[in-house]
Amino acid sequence: MTDSTQTAGVARRSTRELSKAAVSGWLGTAMEFMDFQLYSLAAAIVFNKIFFPDVSPAIGLIAAMATYGVGYVARLVGAFYFGRMGDRIGRKKVLFLTIVIMGASTTLIGVLPPYQTIGIAAPILLVVLRLIQGFGAGAEIAGATVMLVEYAPVKRRGLISSLVSLGTNSGTLAASGLWAVLLVVLSEEQVIAWGWRIPFLLSFVLLLFGVWMRSNLKESPVFEEREDSAPVAAGAIETGLQQRKGRAFLLSLGLRFGQAGNSGLVQTFLVGYIASSLAVSRSVPTNAIVYGSLLGFATIPLVGMLGDRFGRRPVYLALSLLTAIIAVPMMATIAGGNEVMLTIAMILGLNIGVLGLFAVESVTMAELFGSRTRFTQLAVAKEIGGTLATAVGPVVAASLTAWTQHWWPIAAMLVVYSLITFVSTWLAPETRGRDLVRLEDAL
């Protein structure tokens, strides 16, 4: 049994092969977000005591979080390096490399000796492994997106590519769940002595499964068509390269900026803000994120299907505009302090302004780019847009809320982020049904 071709002349992929690609993309993205969430939680909870014990607790926490931050620098380098490699030698080979690099570095973190055993070498090795982990992760979600978009039949491209976005929920929930169990079952002394290693070592199981999946995965049919089945004339290649002037890249940054910025505010900043400024237990916003993430398992594929039915632009425009409209009432509701209403407001904000946008972002950004540079441009755009928005946003929000002693700066930032995406979408062409074998960008 085979699905319909996504473009005329592109090699067919059976339903079984498509399922393998979908599971592979979901697994890799889940592993990426699980690895980073495992690390971020460990950095916040125990790494200052294990790798930086000879400094004050505050300095130890800063040092532990700094090792978390260096991963984002490595991600951008990895996005460029592996993106170019994926455009040259194929999507499959690069995705095999990235999952091995991510899984191996995460597992090795779990066997690192503490500072008390090898001294300064312990935090140095931690930083090195964190850099390697980020280097591999920088192209993972982009590569999985490209592979699924290029695998999928044209009429189901949005739905199938949205499965990559489900991986973010899966990985984050798995990592948070593992740490929650550890902190309940083990004492603080046991967690510091050996318990913290368990989540990192368990990632080795995912690594083995991921390697098996990707070693049995066929190459993207679009990549095969471009390079092997019907080589493109030199003149056409040159035309495609000359056409690329960065307009699609800049618009994709705008598309990414809203989702990533909203994510940094809703999933990261609001949790601390609610606990510190509203005298509400930290468990309330944390649970709201968990509930919202669970609802995301329905929201993400639904948005993918809507994009297939009505087009990418209408869905993108609706979600970004709706996020801007609800930003003020959402924040006013949160500031009211009622735990039930606060939870509902955060769930809506997460599913509309973060997960919903993420679902349609995956396919739209991939379709904006031509086949010769799709992997590179998508990876770099995701990392630059994501890093700028998520790194700068919470810092700006913290400064403005401290200065004004009010919630309105958070609402204003949500509006600005969402309107950046709205304007970028308005300027972008409709990409649904685009021939992905074409060399040139969509504009």
Side-chain angles (χ1 to χ4, degrees), residues 26 29-30 33 37 141 145 158-174 176-177 255-271 273-274 284-310 312 314-335 338-365 386 389-390 393-394 410-411 413-415 417-422 425:
W26 164 80
T29 306
F33 276 77
Q37 184 73 355
I141 192 168
T145 299
L159 171 61
I160 291 172
S161 64
S162 73
L163 298 178
V164 172
S165 304
L166 285 180
T168 66
N169 277 14
S170 304
T172 301
L173 288 171
S176 301
L255 297 178
R256 172 70 169 148
F257 206 78
Q259 184 274 333
N262 293 342
S263 175
L265 292 177
V266 175
Q267 292 182 278
T268 303
F269 178 74
L270 271 182
V271 174
Y273 173 79
I274 289 170
V284 175
T286 302
N287 289 338
I289 296 299
V290 172
Y291 301 148
S293 297
L294 291 172
L295 181 60
F297 284 97
T299 299
I300 288 171
L302 174 61
V303 170
M305 288 189 288
L306 291 174
D308 286 332
R309 175 67 178 84
F310 300 105
R312 319 305 182 207
V315 176
Y316 235 132
L317 289 169
L319 288 172
S320 55
L321 182 60
L322 184 57
T323 304
I325 291 172
I326 69 169
V328 172
M330 181 186 82
M331 285 307 307
T333 300
I334 290 173
N338 181 282
E339 294 185 1
V340 174
M341 297 304 296
L342 182 155
T343 299
I344 293 173
M346 288 193 68
I347 289 173
L348 286 175
L350 177 63
N351 277 268
I352 296 171
V354 180
L355 300 180
L357 285 176
F358 199 12
V360 72
E361 169 191 299
S362 298
V363 66
T364 307
M365 289 176 65
T390 55
I410 308 171
M413 290 180 68
L414 288 169
V415 171
Y417 282 144
S418 301
L419 290 181
I420 288 173
T421 291
F422 182 86
T425 307

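Val315 is not listed as a side-chain neighbour of Arg309, based on a closest heavy-atom distance of 4.5 Å or more. Within the 4.5 Å cutoff, the side chain of Leu319 has heavy atoms near those of the Ile352 side chain. Taking the side chain as every heavy atom from C-beta outward, Leu295 and Ile347 approach each other to under 4.5 Å. Side-chain contact between Met330 and Leu414: present, with at least one pair of heavy atoms (C-beta onward) separated by less than 4.5 Å. Side-chain contact between Gln259 and Tyr417 is absent, with no heavy-atom pair separated by less than 4.5 Å. Within the 4.5 Å cutoff, no side-chain heavy atoms of Trp26 are placed close to those of Val164. Contact check for Thr29 versus Thr145: no side-chain heavy atoms found under the 4.5 Å cut-off.
A distance of 5.0 Å separates CZ in Phe358 from OG1 in Thr168, rounded to the nearest 0.5 Å. Taking OH of Tyr291 as the start and CG of Asn351 as the end, the distance is 14.5 Å to the nearest 0.5 Å. Distance OG/Ser362 to CZ/Arg256: 9.0 Å, rounded to 0.5 Å. Atom CG of Asn262 and atom CZ of Phe257 lie 10.0 Å apart (nearest 0.5 Å). In this structure, Met346 CE and Gln267 CD are separated by 8.5 Å, a value rounded to the nearest 0.5 Å. The CG atom of Leu357 lies 11.5 Å from the OG1 atom of Thr299; values are rounded to the nearest 0.5 Å.
Minimum heavy-atom separation, Ser320 to Thr421: CB-CG2, 4.0 Å. Residue Thr333 comes nearest to Leu342 through the heavy atom pair CG2-N, 4.4 Å, listed as atom of the first residue, atom of the second, then distance. Minimum heavy-atom separation, Val303 to Gly356: CG1-O, 3.4 Å. Here the closest heavy-atom approach between residue Ala359 and residue Ser165 is recorded as CA-OG, 3.7 Å. Residues Gly296 and Leu355 come closest through the heavy atom pair CA-CD1, 3.7 Å. In this structure, Ala260 and Gly386 approach most closely via the heavy-atom pair CB-CA, 3.7 Å.
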Start with the C-alpha distance between Leu265 and Leu270, add both sets of side-chain angles, then the distance that settles side-chain contact (heavy atoms from CB on, under 4.5 Å), and finish with yes or no. CA-CA 6 Å; Leu265 292 177; Leu270 271 182; 5.5 Å; no
Would Asn287 and Thr343 satisfy side-chain contact (heavy atoms from CB on, under 4.5 Å), going step by step from the backbone distance to the final call? CA-CA 8 Å; Asn287 289 338; Thr343 299; over 6 Å; no
Step-by-step side-chain contact (heavy atoms from CB on, under 4.5 Å) determination, Val363 to Asp308: CA-CA 10 Å; Val363 66; Asp308 286 332; 5.9 Å; no
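Distance alone, capped at 3.5 Å, is enough to place a donor-acceptor pair between the Ser162 side chain and the Leu159 backbone. When atom types are taken as modelled, the side chain of Ser161 and the backbone of Gly158 share a donor-acceptor pair closer than 3.5 angstrom.
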